[in-house]
There are 2 protein chains.
Amino acid sequence: MTRRPPRPRERGIPEATVARLPLYLRALQALDERGTPTVSSEELASVAGVNSAKLRKDLSHLGSYGTRGVGYDVEYLIYQISRELGLTQDWSVAIVGVGNLGRALANYGGFGTRGFRIAALLDADPAVVGDAVAGLRVGHIDSLEEVVAREHVSIGVIATPAAAAQGVCDRFVGAGVTSVLNFAPVVLNVPDGVDVRKVDLSIELQILAFHEQRKADGRGGPEWIEALEA
Amino acid sequence: MTRRPPRPRERGIPEATVARLPLYLRALQALDERGTPTVSSEELASVAGVNSAKLRKDLSHLGSYGTRGVGYDVEYLIYQISRELGLTQDWSVAIVGVGNLGRALANYGGFGTRGFRIAALLDADPAVVGDAVAGLRVGHIDSLEEVVAREHVSIGVIATPAAAAQGVCDRFVGAGVTSVLNFAPVVLNVPDGVDVRKVDLSIELQILAFHEQRKADGRGGPEWIEALEA
DNA sequence: TGGTGTGAATTCCTTCACAGCG
DNA sequence: CGCTGTGAAGGAATTCACACCA
């Protein structure tokens, strides 16, 4: 039992850190556009909405890119985080389901910050197939496998009704896609090695409702968050 | 002498648990529609996509609603979770920003599972104001405060461009809203006591890209292969 | 001096393993 | 028995606090 895993693997960045890197990246880009050459962990943390100790710890997983007594070089840090996230290459994305949500996604300008290319929009509804959306022609779902292969799609986005989601997911996986972003309110079953992330409006609303109720219960004041030490 | 208050949260259900309750609820509703009267933690966990120990631990925070040797009564558990999440009452929601995303949200049928009522759709664009969307007339953003007061809005949804989000958020907060669901890619600043949850497409894509890159690198870090148990 | 990088302490979450009840 | 509920162990993430360096 004397294994020693205290080293966060040369290449092993904690999940929680990975989930925050995009936040830092966005904050840095905002600073960069404003012409700011360097930032301290305190400033950057404040812009990104986290505390500075967490930010420094997160960045330390990437390497020592800061300068003591000074801070971080904005452009250099943008590059390092981008590289770590894999944004220095382009990823092809296919969106299935071209309803309002699919259109919203397709029109999501710049797609965050480059690094992603919408390779295809697919739908099952003949009334939608052929439409021009965000400069692309909507294709038929039947061409999914062909499109994935031709466009080297590596991320599949599912914006279909719940009932269709698992079927679309299976086809993505069958076609070799190993990353799926799911907007349909269902739990997708996928084999090991396939990553699924889900975005679910109603779950977020329900979490808010829980806290809202909590606040309403604790009539009396703002101490609902504070210690209830007797 | 500075003993930190050890208990910031006394009667609290862990955040991680709260975030999963909606999943269990959805799984239970699916089972209920299929006519299943009872489930074991094993079955329910499988449907919800978590492991059974976690599920039991989560449910134990609500109380002892299961029967040893049998499992959980589906309908009863639905009721208990709904109550805990505050879904036995209706929450009024106002959506600001009626682009494709706002429309997608407005048309999100049943809004998860009842418990939520879209009280208003607001936009700043005169070309959109007056439109009928999801059975509602789109109002002008100027009426935000009035609408919040009249409809007792408790959850504000921001589906505007990034540049407008903080302003809308400030107006929500000023009008007394204490829960905000933000779809715009910015970090919102809010006073204590206001809950913000964010849904961010590009962050999710970037997290997927990170893992996708990791898989492509292949050599060295086969931690995602570790699930070769089965 | 000012601010990074990081061991150590702390808190939070997950998983194990089994006592005990229906 | 079978399955829940839960202490206890194990891990992960956060926060503290300060050594150390540009």
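Note on naming: letters A, B, ... go to the chains in the order of the sequence lines (proteins, then strands), and numbering restarts at 1 for each one. Since the model is a prediction, treat every value here as computed from it, not as a measurement.
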**Prompt:** Got a sec? Which of residues 73-80 of chain B come in under 4.0 Å of DNA chain D, heavy atoms?
**Reply:**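 Within this stretch, nothing sits under 4.0 Å of the strand.
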
Whole angstroms only, please: what is the [atom1]-[atom2] distance between [X] and [N]?
X: L55(A); N: dG3(C); atom1: CG; atom2: P; answer: 14 Å
X: K54(B); N: dT6(D); atom1: NZ; atom2: P; answer: 19 Å
X: E15(B); N: dC12(C); atom1: CD; atom2: P; answer: 11 Å
X: I13(B); N: dC12(C); atom1: CD1; atom2: P; answer: 15 Å
X: L62(A); N: dG5(C); atom1: CG; atom2: P; answer: 10 Å
X: D58(B); N: dC16(C); atom1: CG; atom2: C1'; answer: 16 Å
X: K57(B); N: dG7(D); atom1: NZ; atom2: C1'; answer: 7 Å
X: N51(A); N: dC16(D); atom1: CG; atom2: C1'; answer: 10 Å

Are there any protein N/O atoms within less than 3.5 Å of an N/O atom in nucleotides 18-22 of chain D, and if so, which ones and at what distance?
unit_1, atom_1, unit_2, atom_2, d
dC20(D), O2, R68(A), NH1, 3.1

Atom pairs and distances, side-chain donor-acceptor, residues 59-67 of chain B, under 3.5 Å, sequence neighbours left out:
unit_1, atom_1, unit_2, atom_2, d
S60(B), OG, K57(B), O, 2.6
Y65(B), OH, L62(B), O, 3.3
Y65(B), OH, Q80(B), OE1, 3.1

**Prompt:** Any side-chain N or O of Y72(A) less than 4.0 Å from the OP1 or OP2 oxygen of dG5(C)?
**Reply:**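 Affirmative; the distance criterion is met.
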
Who passes side chain to side chain donor-acceptor pair (under 3.5 Å) against [X], sequence neighbours left out?
X: E75(A); result: none
X: R68(A); result: none
X: N182(A); result: none
X: R20(A); result: Y24(A), D58(A)

**Asked** If you check every side-chain atom of S60(A), which of dT14(C), dC16(C), dT6(C) has the closest atom?
**Response**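 The nucleotide sitting nearest to the side chain is dT6(C).
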
**Prompt:** Do the charged groups of D200(B) and R26(A) touch, with an N to O distance under 4.0 Å?
**Reply:**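 R26(A) and D200(B): salt-bridged.
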
List in chain and number order the residues that pass salt bridge (charged side-chain N to carboxylate O under 4.0 Å, His left out) with [X], two or more places apart in sequence or in another chain; answer none if no residue qualifies.
X: R56(A); result: none
X: E212(B); result: K215(B)
X: D73(B); result: none
X: E204(B); result: R197(A)

**Minimum heavy-atom distance W91(A)-A209(B), with the two atoms named** =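 Taking every non-hydrogen atom into account, NE1-CB, 3.5 Å.
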
**Neighbours of DNA chain C within residues 32-50 of chain B, by heavy-atom distance under 4.0 Å** =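 Within residues 32-50 of chain B, no residue comes under 4.0 Å of DNA chain C.
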
